Amino acid sequence: MPPLPLPGFRDFYPDEFSLRTHLFGTWRAVATRYGFQEYDGPPLEPLELYTAKSGEEIVTQLYNFTDKGGREVALRPEMTPTLARMVAARANGLRKPIRWFSIPQLYRYERQQRGRLREHFQLNCDLIGEPGPIGDAEIIALAVDAVRAFGLGPSDFRVRVSDRRVLSELLAGLGLDRAQVAVAYQVLDKFGRAPREVSVGRLRDAAVGPDAIGRLLTLSGVRTWDAFREAAAGLGDAVGAAEPLRRTLAALEAMGLAEFVDLDLTIVRGLAYYTGTVFELFDARGELRAICGGGRYDNLLQALGGVDLPALGFGLGDVVLTELLRDRGLVPGDQSAIDVFLAGIGEEDASEVLALAHELRDAGLRVEYALSPQPLGKQLRLADARNARLAVVLGPDERARGELVVKDLAAKTQSAVRRDAVGAWLLEALRG
RNA sequence: GUGGUUGUAGCUCAAUCGGUUAGAGCGCCGGACUGUGGCUCCGGAGGUUGCGGGUUCGAUCCCCGUCAGCCACCCCA
């Protein structure tokens, strides 16, 4: 037995590659619809690109090592630092707002589970140079559309939106100190998954008072703007801090996407650099891990490249999305079927098959033929197995009349076509 | 990284209490079928039962280790 792929890494056989092509193609179509341009960077980066600003969470899971030149390097775990560097380096020459997307393969060193490998692909879309809340709505709408485009609707997935500015104002208003705020973030993040007693217990252990715990429980259940205003009343200037969030939600409603969107203050996000809006996409049944996550990181470009530009973006991974598509029966069949299969009858047809095959391929058709002499029945079985739309039979009888036979394999019909007109005939037949 | 659980053909699975040569379906290859396809029939290839060790007259089965998958933690691109 040859060695298997490393744990958490995937082989893409043609079926799986076909799906990957479908994902990437759909993502590209949606992103370019929003005026986004594609870019890429190196898969291997200096370790310090991530140790600097991403926070401990991601650093402990880095796939890193020392290269032969003694450099500390890491396979990229996320795209944002690379993007920030690239933009910062040319910030003065780029027209704002910058709308860029990429589909990088990302890596992390961690024990794998369902929906979580050591390698995955991710659609990354970022909007740089726009501080206003319509930019946030634009990015969230793009994330929603990048999932909607596969045929998923509001009963399949939801986007939950929160805002770090609001959360910090709320927690400050509750009188929590720095350490208690950190605990509160963790508890909020787990609220949907952990039993309520566990959450309350952790807050109690951090010496958070019963009143504050009660307010947090109420806030965690808030899903609408009106409920938020009521629950946040009297807690610092939380309602004022939520003005951008309110406008973002209003913009999403104006776009007609309200049915996909929930306000949800338990969305925290692990990455340390988020400064404002944060959001995640989940399957509506809550069975899978998050499909997509993102938010605003207005200080990252300053910290990483010394350029003061506001920014926000998201990452949408292929693994969980694929699970959801399979679950909903939305994975299309293999797209790599051929157009025409050529079948020769006897040895004397072989050179004519080669000539026609080349002629049709030059015309842009996808063509296959049997590479060694075979009975006609067997050649047609191969044509079926390849999902060919049409088959062409070349034999002595037809050749004598300057014709050949074209078969529509699905319709089970066939017709005689003049040899010198077959190219145009096939192109026409395939168009329908 | 911690704990639990599972590993038999390319895939899905079977194999009596520990007992002779580890089987089936699908898939793959060939034939029936040298001018007409998805069906049918026949045949074939394909296994170090994840790997290593132990117990036993004898291990797919019991025990230990290890690797891998899955699940739960940790954490969350």
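Just so it is clear: chains get the letters A, B, ... in the order the sequence lines come, proteins before strands, and each one is counted from 1. Keep in mind the model is a prediction, meaning the values are calculated, not measured.
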Presence of donor-acceptor pair under 3.5 Å, side chain of A:Lys412 and base of B:rG38: yes
Residues forming a side-chain contact (heavy atoms from CB on, under 4.5 Å) with A:Glu38, sequence neighbours excluded: A:Arg28, A:Phe101, A:Ile103
Among B:rU34, B:rG38, B:rA77, the one nearest A:Pro375 by side-chain distance: B:rU34
Protein-nucleotide distance (A:Gln374, atom CD; B:rG37, atom C1'), rounded to Å: 13 Å
Inter- and intrachain pairs under ring-ring contact (aromatic ring centres under 6.0 Å, His included), touching residues 107-149 of chain A, at least two apart: A:Phe24-A:Phe121, A:Tyr63-A:Tyr109
Sugar-phosphate, base or nothing in reach of A:Gly294, heavy atoms under 4.0 Å: nothing
A:Arg399 and A:Glu352 ion-paired at < 4.0 Å: no
Side chain A:Asp362, main chain A:Glu359, donor-acceptor under 3.5 Å: no
Expected output: side-chain A:Thr66 to main-chain A:Glu72 donor-acceptor under 3.5 Å: no
Strand-adjacent residues in residues 340-353 of chain A, judged by heavy atoms under 4.0 Å from RNA chain B: A:Ile345
Candidates B:rG35, B:rC75, B:rA77 - which lies nearest the side chain of A:Val393: B:rG35
Pair listing, side-chain hydrogen bond (donor to acceptor under 3.5 Å, both in side chains) test, anchored in residues 312-326 of chain A, at least two apart: A:Arg10-A:Asp318
P atoms of B:rA45 and B:rG50, separation to the nearest Å: 23 Å
For A:Val307, all residues meeting side-chain contact (heavy atoms from CB on, under 4.5 Å), sequence neighbours excluded: A:Ala88, A:Ala91, A:Leu309
Residue A:Asp384, side-chain heavy atoms: nucleotide from B:rG35, B:rG38, B:rC75 that is nearest: B:rG38
Side-chain donor-acceptor pair present, A:Gln113, A:Arg289, cut-off under 3.5 Å: yes
For atom CG of A:Leu281 and atom P of B:rA77, their distance in whole Å: 14 Å
Salt bridge A:Asp262-A:Arg158, side-chain N to carboxylate O under 4.0 Å: yes
P gap between B:rC13 and B:rU20, integer Å: 25 Å
Residue pairs fulfilling ring-ring contact (aromatic ring centres under 6.0 Å, His included) with at least one residue in residues 277-319 of chain A, sequence neighbours excluded: A:Tyr273-A:Tyr297
Over 12 non-hydrogen atoms of neighbours within 6.0 angstrom of CD in A:Gln37: no
P-based separation of B:rC61 from B:rG53 [nearest Å]: 14 Å
Test side-chain contact (heavy atoms from CB on, under 4.5 Å) applied to A:Ala74 - qualifying residues, sequence neighbours left out: A:Leu47, A:Tyr50, A:Leu62, A:Asn64
Proximity to the side chain of A:Gln113 - top-ranked nucleotide from B:rG37, B:rA77, B:rC73: B:rC73
Sugar-phosphate only, base, or nothing, as touched by A:Ala388 at under 4.0 Å among non-hydrogen atoms: nothing
Using a 3.5 Å cut-off and no angle test, enumerate the donor-acceptor pairs between side-chain atoms of residues 132-157 of chain A and protein atoms at least two apart in sequence or in another chain.
{"residue": "A:Asp136", "atom": "OD1", "partner": "A:Arg296", "partner atom": "NE", "Å": "3.3"}
{"residue": "A:Asp136", "atom": "OD1", "partner": "A:Arg296", "partner atom": "NH2", "Å": "2.8"}
{"residue": "A:Asp136", "atom": "OD2", "partner": "A:Thr277", "partner atom": "OG1", "Å": "2.6"}
{"residue": "A:Asp136", "atom": "OD2", "partner": "A:Arg296", "partner atom": "NE", "Å": "3.2"}
{"residue": "A:Glu138", "atom": "OE2", "partner": "A:Arg99", "partner atom": "NH1", "Å": "2.7"}
{"residue": "A:Glu138", "atom": "OE2", "partner": "A:Arg99", "partner atom": "NH2", "Å": "3.2"}
{"residue": "A:Asp145", "atom": "OD1", "partner": "A:Arg148", "partner atom": "NH1", "Å": "2.7"}
{"residue": "A:Asp145", "atom": "OD2", "partner": "A:Tyr34", "partner atom": "OH", "Å": "2.5"}
{"residue": "A:Asp156", "atom": "OD1", "partner": "A:Arg328", "partner atom": "NE", "Å": "2.7"}
{"residue": "A:Asp156", "atom": "OD2", "partner": "A:Gly153", "partner atom": "N", "Å": "2.8"}

Touch class at under 4.0 angstrom, heavy-atom based, for A:Asp189 against every strand present: nothing
Closest to the A:Glu398 side chain, choosing from B:rG35, B:rC75, B:rA77: B:rG35
Check: B:rC71 base within 3.5 Å donor-acceptor of A:Arg114 side chain: no
Touch class at under 4.0 angstrom, heavy-atom based, for A:Pro373 against every strand present: nothing
Integer-rounded Å distance: B:rU40 P and A:Arg381 CZ: 12 Å
Nearest-nucleotide 5' precedence on RNA chain B, A:Asp397 against A:Ala410: A:Asp397
Partner set under ring-ring contact (aromatic ring centres under 6.0 Å, His included) for A:Phe228, not counting sequence neighbours: A:Trp225
Secondary-structure stems, RNA chain B, at least 3 Watson-Crick or G-U base pairs under 3.5 Å: B:1-7 with B:67-73, B:10-13 with B:23-26, B:28-32 with B:40-44, B:50-54 with B:62-66
Separation between the C1' atoms of B:rU6 and B:rU60, rounded to whole Å: 14 Å
P gap between B:rU66 and B:rG44, integer Å: 43 Å
pair A:Val161-A:Val261: side-chain heavy atoms closer than 4.5 Å: yes
Stepwise side chain to side chain contact (heavy atoms under 4.5 Å, CB included) check, A:Tyr39 with A:Met79: CA-CA 11 Å; A:Tyr39 70 97; A:Met79 202 58 179; 3.6 Å; yes
Integer angstrom distance from the P of B:rU16 to that of B:rU40: 32 Å
Residue-phosphate contact under 4.0 Å: A:Lys378 side-chain N/O, B:rU36 OP1/OP2: no
Side-chain donor/acceptor of A:Lys407 to backbone N/O of A:Val405, under 3.5 Å: no
Interface with RNA chain B, restricted to residues 120-127 of chain A and to heavy atoms under 4.0 Å: A:His120, A:Gln122
Polar pair under 3.5 Å, donor/acceptor by atom type, side chain A:Gln379, base B:rU36: no
Sugar-phosphate only, base, or nothing, as touched by A:Gly317 at under 4.0 Å among non-hydrogen atoms: nothing
Protein-nucleotide distance (A:Glu323, atom CD; B:rC71, atom C1'), rounded to Å: 14 Å
N or O in side chain of A:Arg289 less than 4.0 angstrom from B:rA77 OP1/OP2: no
Touch class at under 4.0 angstrom, heavy-atom based, for A:Arg116 against every strand present: base
Separation between the P atoms of B:rC29 and B:rC64, rounded to whole Å: 44 Å
Nearest to side-chain heavy atoms of A:Arg108, which nucleotide of B:rA77, B:rC70, B:rC74: B:rA77
Rounded distance in Å between the P positions of B:rG27 and B:rC41: 12 Å
Strand-adjacent residues in residues 400-409 of chain A, judged by heavy atoms under 4.0 Å from RNA chain B: A:Lys407, A:Leu409
